K.L.:
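Sending over a structure as structure tokens; questions will come in a sec.
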Amino acid sequence: MAREAVRRLPEGTLSLWKREQAVLKARVVDRDTEAWQRDPAFSGLLRVGGLDVSFVKGDSVSACASLVVLSYPKLEVLYEDCRMVSLTAPYVPGFLAFREGPFLVDAVQRLQEKEPHLSPQVLLVDGNGVLHPRGFGVACHLGVHTDLPSIGVAKKLLQVDGLENNALHKEKIRLLQAGGDTFPLTGGSGAVLGMALRSHDHSTKPLYVSVGHKMSLEAAVRLVRSCCRFRIPEPVRQEPESTETKDMPPGRLRRAHPQSRP
DNA sequence: GCGACAG
DNA sequence: ATCTTGTCGC
């Protein structure tokens, strides 16, 4: 297979990135700031955004940066922007935001400028929030840069602060009985960094939800749960996952998935 | 043995 | 992330 152009990072880049994470981390707000977040039915929440970068098969450079906005609570597609981009930074664990973040921030800002009435009130981000080696994952990054509430939704446990995907953890997963069941991810420091969430009755593998920005963990988990028809919450799942959608011109609208029950 | 490591 | 072989785990 063709070796990808994954150039080594210039010396000192990681130090700069760490410094930037530390600076931006000081701006994270890890509590509810919006009225709808405290409402049991999320009354007042009308639009939920989902952000993701999906790759072209066998290529670690060409990718599609996409933003989907769904109505709430019906989860119908209001807007979708999918733009082909060339990723420059390599993937370095703990620094995902520096690879994918800029394109996703762009997508949000384009929408806010051109169609502000469709702007999301909260962002679901594929990756972690404060559940991160330095407490500042890609979801925090997007939240701070857009000043929107954001939530990190990861599909795998990032082993940080003593958290381990070990036998005990797997046993806790096994004990999650029904959709909506959770257990806290408590780091060695005693802080609850996130929650493992069984997002659906028929889903064995949990989601790892953590605060990104301007939202409490409790509200974040509740919202993710309420956005799940299947394992992956709709705003993130709606992102193009097959090559067919990647070939679409930017800004084109896609049909919603068939709705189960209004 | 050579480990963990979101996407 | 994607592809892929394989079949336990500390």
Side-chain angles (χ1 to χ4, degrees), chain A residues 1-6 8-9 13-14 17-18 21 24-25 28 50-68 82-105 107 123-143 150-171 173-174 185 187-188 193-197 199 205-213 217 220 224 231-233 235-237 239-246:
Chain A
M1 118 168 88
R3 187 170 291 278
E4 304 299 342
V6 180
R8 245 174 50 95
L9 286 170
T13 301
L14 284 188
W17 285 356
K18 284 182 188 175
Q21 286 176 334
L24 295 175
K25 176 174 160 52
V28 168
L51 289 167
D52 189 26
V53 170
S54 46
F55 288 80
V56 173
K57 285 182 191 173
D59 190 333
S60 65
V61 173
S62 302
C64 173
S66 45
L67 163 63
V68 170
C82 173
R83 179 163 298 203
M84 292 304 303
V85 298
S86 293
L87 300 183
T88 53
Y91 170 65
V92 183
F95 300 92
L96 178 63
F98 296 92
R99 175 165 166 81
E100 304 185 345
F103 305 102
L104 300 177
V105 172
L123 298 172
L124 301 200
V125 183
D126 201 344
N128 289 296
V130 301
L131 177 52
H132 178 274
R134 287 164 299 280
F136 194 78
V138 63
C140 302
H141 207 97
L142 294 190
S150 66
I151 302 171
V153 183
K155 297 181 285 295
K156 295 192 295 196
L157 176 66
L158 184 54
Q159 306 191 154
V160 59
D161 193 20
L163 292 171
E164 275 186 290
N165 184 19
N166 55 17
L168 174 58
H169 181 81
K170 293 189 172 85
E171 176 63 11
I173 290 174
R174 206 183 59 76
L185 302 166
L193 302 177
M195 298 282 275
L197 166 70
S199 58
K205 207 171 146 54
L207 297 176
Y208 297 96
V209 178
S210 58
V211 170
H213 188 43
L217 179 57
V224 170
R231 177 180 176 242
I232 306 298
V236 177
R237 194 182 77 89
E239 314 287 350
E241 287 169 15
S242 61
T243 338
E244 52 166 332
T245 53
K246 292 188 177 109

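Given the structure is predicted, the values throughout are model-derived calculations rather than measurements. Letters A, B, ... mirror the listed sequences (proteins, then strands); counts begin at 1.
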K.L.:
A side-chain contact here means heavy atoms from C-beta on lying under 4.5 Å apart; do A:Leu67 and A:Leu104 qualify?
P.N.:
no
K.L.:
Check the distance between C:dA1's P and A:Leu51's CG and give it to me in whole angstrom.
P.N.:
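Going from CG in A:Leu51 over to P in C:dA1 covers 16 Å.
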K.L.:
What is the minimum heavy-atom distance between A:Pro206 and A:Ala196, and which atoms define it?
P.N.:
CB-CB, 4.3 Å
K.L.:
Taking protein heavy atoms under 4.0 Å as touching, what does nucleotides 4-10 of chain C look like 5' to 3' if B marks base contact, S marks sugar-phosphate-only contact and - marks none?
P.N.:
-------
K.L.:
Could you check whether any side-chain heavy atom of A:Pro233 comes within less than 4.5 Å of a side-chain heavy atom of A:Ile151, counting everything from C-beta outward?
P.N.:
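No, too far: nothing below the 4.5 Å cut-off.
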K.L.:
Determine yes or no for a side-chain-to-main-chain donor-acceptor pair under 3.5 angstrom, with A:Gln21 supplying the side chain and A:Gly94 the backbone.
P.N.:
yes
K.L.:
Any non-hydrogen side-chain atom of A:Leu131 less than 4.5 Å from a side-chain atom of A:Leu163?
P.N.:
yes
K.L.:
Does some side-chain heavy atom of A:Leu87 sit less than 4.5 Å from a side-chain heavy atom of A:Val53?
P.N.:
yes
K.L.:
Work out how far the C1' atom of C:dG9 is from that of B:dG1, and round it to whole angstrom.
P.N.:
13 Å
K.L.:
Based on Watson-Crick and G-U pairs with both distances under 3.5 Å, what dot-bracket line describes DNA chain B 5' to 3', crossing pairs as [ ] and inter-strand pairs as |?
P.N.:
.......
K.L.:
Rounding to an integer number of angstrom, what distance separates B:dG3 and C:dC10 when you compare their C1' atoms?
P.N.:
11 Å
K.L.:
When you check every protein heavy atom under 4.0 Å of nucleotides 2-7 of chain B, what one-letter string (B, S, -) results, 5' to 3'?
P.N.:
--SBBB
K.L.:
Quick one, A:Phe98 and A:His141 - any side-chain contact, counting heavy atoms below 4.5 Å?
P.N.:
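When only atoms from C-beta onward are counted, A:His141 and A:Phe98 do touch, with a gap below 4.5 Å.
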K.L.:
In the structure I gave you, are the side-chain heavy atoms of A:Leu193 and A:Ser210 within less than 4.5 Å of one another anywhere?
P.N.:
no
K.L.:
Expressed in whole Å, how much space separates the P atoms belonging to C:dT7 and B:dC5?
P.N.:
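Each nucleotide's P atom is 22 Å from the other's.
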K.L.:
Is the closest side-chain heavy-atom distance between A:Leu158 and A:Pro133 below 4.5 Å?
P.N.:
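A side-chain contact exists here, since the closest heavy-atom pair is under 4.5 Å.
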K.L.:
Counting only N and O atoms by type, is there a donor-acceptor contact under 3.5 Å from the side chain of A:Gln159 to the main-chain atoms of A:Asn165?
P.N.:
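Checked: pair present.
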